[in-house]
Amino acid sequence: MSRAERFARWFGAGDDWERVPEPGRARFDARVAILFALCAMATLELYRSLGLAAPLDRPVWQQHALLLAGIVPLFWRRRFPLTVAVLGQLHFFTVGVTMPQVAYLLVVQLLCFFGLYSGVAWARDRRALLVVLGAVLIYMIGWLAWDFALGNSIAQMTAEAAGRGAAGLVSPPVAWVLLTVFNNVVFFLGAVLLGQNSWRSARRSAIVAEQRNTIARQAHELRDRAVVQERLRIARELHDVVAHHVSVMGVQAAAARRVLDRRPDAAAQALSQIEESSRQSVAEMRRLLGTLRAGEDAASEPSDSVAEQGVSREPEPGLARVADLVEQARGPGLAVAYDLVEEPAGAAETVPAPMGLSVYRIVQEALSNVRRHSTAARVGVVVRVIAAPGRGTRGYVEAEVVDNGRPRAGTSGTGMGLLGMRERASSHGGLVEAGPRLSGGYRVRARFPLDQALDQAFDQAIDQTIDQTGEQA
């Protein structure tokens with residue numbers, strides 16, 4: 001990047017951002033313009049009272065009118081900054097030509113300085129600003145050259161210095177030239193630097209505000225996404241609960257109907273299973289719907305009581321409840337075997353609760369599919385928890401459901417059950433394999449990486465502890 005490109009970039013040339021005045025700033029600009037007008041008129045009168053404006057042959061009202069003509073554009077310095085900057089330079093030139101004594105007043109020079117500062121600070125087209133600054137610089141150099149070459153300022157200052165007996169390191173003409181150039185350069189650069197600093201500060205503030213709005217919008221989107229995901233999770237939970245318990249009740253009811261006359265005790269046991277399954281189904285659906293209702297009502301009616309929110313205190317099912325699930329699935333014509341493999345002993349207790357729930361639901365859905373869509377007479381459920389890596393393998397949790405049946409005619413499903421299994425597994429970084437076996441029957445196997453789950457559970461525990469500590473503090 002060349003120096004010219006860096007210079008233009010520093011001024012913001014090519015930047016799409018535009019500095020827009022805030023509402024109500026026009027009143028502030030009006031007060032600034034009025035203050036300038038009062039100071040200019042008062043300074044001019046004091047100047048006249050000292051006799052310094054005696055060479056002026058213009059009426060007093062014209063002198064004041066010429067000063068006020070340069071102050072009026074300040075009312076629009078934010079709306080038309082470059083125009084105001086150009087008019088300020090033209091006004092200074094006009095005053096210098098028609099009333100050179102007045103041009104040296106501090107208020108007149110400050111008026112020129114403030115106009116140039118406003119142009120740099122509020123210019124929307126930064127390329128046009130560079131053109132204006134170049135024109136002002138050329139005008140300033142030309143003005144000084146004309147004043148030194150054709151004007152009488154040097155001769156006048158030399159005469160005054162000789163009358164006061166000036167004695168310095170350099171001659172009065174050289175000192176006057178150097179002092180004039182120095183003052184003009186300081187005024188020009190000071191106005192440009194201060195105006196550019198104001199523009200860049202406003203630009204940074206706009207970026208920060210935009211980032212803040214973006215973060216707030218993204219946070220809102222994340223909250224909405226979390227709500228949608230939670231409702232999808234609850235929908236999957238309801239699907240698994242209803243499908244499992246309705247299937248259990250249907251099988252047990254059919255069994256009770258068939259043995260009601262011949263084996264009343266077996267019928268009573270089947271009816272007992274139906275009763276227990278219906279109670280569990282209602283309890284789980286109440287818990288899920290209570291969670292959904294609590295999430296909807298939390299913002300309007302917050303409550304610290306779990307019972308008041310309608311949420312059950314009963315924990316969600318996990319690996320420990322898989323044995324009960326298998327027990328419910330047993331019935332006339334269907335033998336279900338369950339085996340829990342742990343390495344080392346007690347490894348199942350280290351499985352995080354969300355993963356245990358996913359294993360439970362996958363086994364539940366697989367058993368429901370067996371009852372609805374298979375002619376199987378035997379089902380084997382195996383849950384493996386390998387917590388300690390060994391033999392080059394990583395820790396994992398695996399649930400496998402294998403039956404010996406064939407697809408039942410006229411009972412093809414919608415595929416939502418298998419889709420729910422895969423979604424649950426993918427949420428924990430796991431995979432699900434489902435399909436017929438070469439030796440006959442159907443197998444569903446889900447495997448979850450345990451090492452990653454333990455790390456996530458540990459991180460969640462740390463975050464929860466930090467949050468609780470912050471709340472207590």
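Since the model is a prediction, treat every value here as computed from it, not as a measurement.
The closest side-chain heavy-atom distance from Phe36 to Leu110 is below 4.5 Å.
Of the residues Glu398, Glu342, Glu343, the one that meets the side-chain contact (heavy atoms from CB on, under 4.5 Å) test with Ile386 is Glu343. Partner of Phe448 under the side-chain contact (heavy atoms from CB on, under 4.5 Å) criterion, chosen from Val385, Leu431, Ile362: Ile362.
Remark: side-chain polar atoms of Gln196 are paired, donor with acceptor, to backbone N or O of Trp10 under 3.5 angstrom. Remark: side-chain polar atoms of Asn213 are paired, donor with acceptor, to backbone N or O of Ala209 under 3.5 angstrom.
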Could you walk me through whether Leu116 and Leu133 satisfy the side-chain contact (heavy atoms from CB on, under 4.5 Å) test, starting with their C-alpha distance in whole Å, then the side-chain angles of each, then the deciding distance to 0.1 Å, before giving a yes or no? CA-CA 9 Å; Leu116 185 59; Leu133 291 179; 3.9 Å; yes

Using ring-ring contact (aromatic ring centres under 6.0 Å, His included), reason through Trp122 and Trp76 one step at a time and then give a plain yes or no. CA-CA 11 Å; Trp122 290 92; Trp76 299 279; over 10 Å; no

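A salt bridge is defined here as a Lys NZ or Arg NE, NH1 or NH2 lying under 4.0 Å from an Asp or Glu carboxylate O, and Arg372 with Glu365 meets this definition.
Applying the 6.0 Å contact sphere to CZ of Arg263 captures no more than 12 heavy atoms from other residues, nucleotides or ligands.
No donor-acceptor contact under 3.5 angstrom links the side chains of Ser358 and Arg361, judged on distance only.
Geometrically, Arg25 engages Phe28 in a cation-pi contact, judged by NZ or CZ lying under 6.0 Å from the ring centre and within 45° of the ring axis.
Evaluation of the salt bridge (charged side-chain N to carboxylate O under 4.0 Å, His left out) test over residues 121-140, restricted to residues two or more places apart or in two chains, returns none.
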